[in-house]
Q: 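If you scroll down you'll find the structure; I have some questions about it.
Since this is a predicted model, take the numbers as computed values, not measurements. In what follows, chains carry the letters A, B, and so on, assigned in the order in which the sequence lines appear, proteins first and then strands, with residues in each chain numbered from 1.
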Protein chains: 2
Amino acid sequence: MNIGQASRASGVNAKMIRYYESIALLPEAARKDSGYRDYDEADVHRLVFVRRARDLGFSIDRIRDLLDLWNDRARGNADVRAVANAHITELQAQAQKLEGMIGTLQHLVKSCRGENRAECPIMADLSGGQVAPHYAANLAKTQRRLISVAKPSHIARFRK
Amino acid sequence: MNIGQASRASGVNAKMIRYYESIALLPEAARKDSGYRDYDEADVHRLVFVRRARDLGFSIDRIRDLLDLWNDRARGNADVRAVANAHITELQAQAQKLEGMIGTLQHLVKSCRGENRAECPIMADLSGGQVAPHYAANLAKTQRRLISVAKPSHIARFRK
DNA sequence: TCTAGACCTTCCCATGATAGGAAGGTCAAC
DNA sequence: GTTGACCTTCCTATCATGGGAAGGTCTAGA
């Protein structure tokens, strides 16, 4: 199986396959006499694994851990859950930051009606330096809302 | 005002100030006889503007637009709202993706109880290639939830 | 057998925002 | 005058991805 076929079968770009090999995320591929890389079903399976993990936002280093766990069948589910939970925590932090930004911007846009420049707080807020009162209030509000969405108390049950 | 003082006053790293100047996000700074960059209050004000916009997740290119709007007081609030709304839409897309990933992972972790490897779907799901039924169902669920959180119908009123 | 073109190889470069560091010049205080 | 804080430019790296050049290999058809 050439790299192109492995790429189509796994959904991982050929360029990325070579890159993953170069950073030792994947073992060195077998080679044909021509020098072409040669893949089999197991290789494709591993590529699919990597692609799925990337789709779920795992970093390359985290995927390294997951592949180790995958290769070592003796390792328990707790290890797997620990990696997944660490990743969930990271994603939640990102989501919280995003929701805070969205909430603040929505509030600013909502407060900016009409065409009178003086009445639009967006520019004023951006250039204000310190956090304007409505911004602080809105930030706290969106964070509370985000927390209720993410339900960390619920997640805590799964934390290592 | 040296770059260090401007940095402390604005909260923008000196390295970043030079970078922003090099990509023409900021005008070339005035120079003292020594060659040192020389900033005044207006410069600091602009730096604060950039920092606040970065904090809100605006890209450099979007900040370029915002600075143009800022410099051109004749432009109306609708222009400002348009930039902000475009950014909100981008942030919501990111948030939606994140929430989907979080939901999927939470579901997988929840389904992975005990220590029997066979009972843990995380690895199976990652290596599965196609989306497992519970993944698809969960994805749809988290997306609905995210949509209700982000309230796009509400935002639509402010779209250009 | 020759050739076209699809595919492969390695190597270099670019992205965006940020940061570290080297080598050397300037300033202020003691 | 010296020390140390600060400044300058220039080079490098990050992470994951992708574009492209220059050149080798394979396969199908004339």
Q: Mind checking the NE2-CD1 spacing from B/His87 to A/Ile102? Nearest 0.5 Å is all I need.
A: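 The NE2 atom of B/His87 sits 8.5 Å away from the CD1 atom of A/Ile102.
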Q: Should B/Arg54 be listed as having a side-chain N or O under 4.0 Å from OP1 or OP2 of C/dT18?
A: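 Result: yes.
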Q: What integer distance in Å separates B/Arg18:CZ from C/dG21:P?
A: 15 Å
Q: Identify, residue by residue, the members of residues 2-12 of chain A with a heavy atom below 4.0 Å from DNA chain C, and return them in order of residue number, or none.
A: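 DNA chain C contact set from residues 2-12 of chain A: A/Asn2, A/Ile3, A/Gly4.
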Q: Does B/Ser7 reach the main-chain N or O of B/Val12 with its side chain, forming a donor-acceptor pair under 3.5 Å?
A: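 Indeed, once roles are kept as given, a pair shorter than 3.5 Å links the two residues.
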Q: Rounded to the nearest 0.5 Å, what's the gap from NZ on A/Lys97 to CD on A/Gln94? Could you check?
A: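 Reported value, rounded in 0.5 Å steps: 8.5 Å.
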Q: How would you list all residue pairs meeting salt bridge (charged side-chain N to carboxylate O under 4.0 Å, His left out) that involve residues 35-47 of chain B, not counting sequence neighbours?
A: B/Glu21-B/Arg37, B/Asp43-B/Arg46
Q: State, with a plain yes or no, whether a side-chain heavy atom of A/Arg54 is found less than 4.5 Å away from one of A/Ile60.
A: yes
Q: Determine to 10° how strongly the helix from C/dT1-D/dA30 to C/dC30-D/dG1 is bent, judged from the axes of its five-pair ends.
A: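 Terminal axis comparison yields 20°.
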Q: Would you kindly give the CD1-to-C1' distance between A/Ile17 and C/dC7, to the nearest whole Å?
A: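 That distance rounds to 14 Å.
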Q: Working to the nearest 0.5 Å, report the span between CG of B/Leu47 and CG of B/Asn13.
A: 11.5 Å
Q: At a heavy-atom distance below 4.0 Å, which nucleotide of DNA chain D is the first touched by chain A, and which is the last?
A: D/dA16 to D/dC26
Q: I'd like to know if the side chain of A/Gln106 and the backbone of A/Gly103 have a donor-acceptor N/O pair within less than 3.5 Å.
A: no
Q: For the residue pair B/Tyr36 and B/Ile3, establish whether any side-chain heavy-atom pair is separated by less than 4.5 Å.
A: no
Q: Among B/Leu25, B/Leu56, B/Val83, which residue satisfies the side chain to side chain contact (heavy atoms under 4.5 Å, CB included) criterion with B/Ile63?
A: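 Exactly one pass, corresponding to B/Leu25.
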Q: Any pair with a residue in residues 56-68 of chain B that passes salt bridge (charged side-chain N to carboxylate O under 4.0 Å, His left out), sequence neighbours left out, goes on the list, sorted by first then second residue, please.
A: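 Applying salt bridge (charged side-chain N to carboxylate O under 4.0 Å, His left out) to every pair that reaches into residues 56-68 of chain B, excluding sequence neighbours, yields B/Asp61-B/Arg64, B/Arg62-B/Glu90.
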Q: Return the CG to CD1 distance between B/Leu105 and A/Ile88, rounded to the nearest 0.5 Å.
A: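 Answer for the CG-CD1 pair, B/Leu105 versus A/Ile88, is 5.0 Å.
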Q: Using heavy atoms and a sub-4.0 Å distance, could you list which residues of residues 30-40 of chain B are near DNA chain C? By number, please.
A: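 Nucleic-acid contacts, sorted: B/Ser34, B/Tyr36.
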Q: Using a 3.5 Å distance criterion without hydrogens, assess whether the side chain of B/Glu99 forms a donor-acceptor pair with backbone atoms of B/Gln96.
A: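 No: the side chain of B/Glu99 does not pair with the backbone of B/Gln96.
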Q: Can you tell me how far P of C/dT18 sits from CD of B/Glu21, to the nearest Å?
A: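 Spelled out: CD on B/Glu21 to P on C/dT18 is 16 Å.
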Q: B/His45 vs B/Trp70 aromatic rings, parallel, tilted or perpendicular, using cut-offs 30° and 60°?
A: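 Taking B/Trp70 first and then B/His45, their aromatic rings stand perpendicular (interplane angle over 60°).
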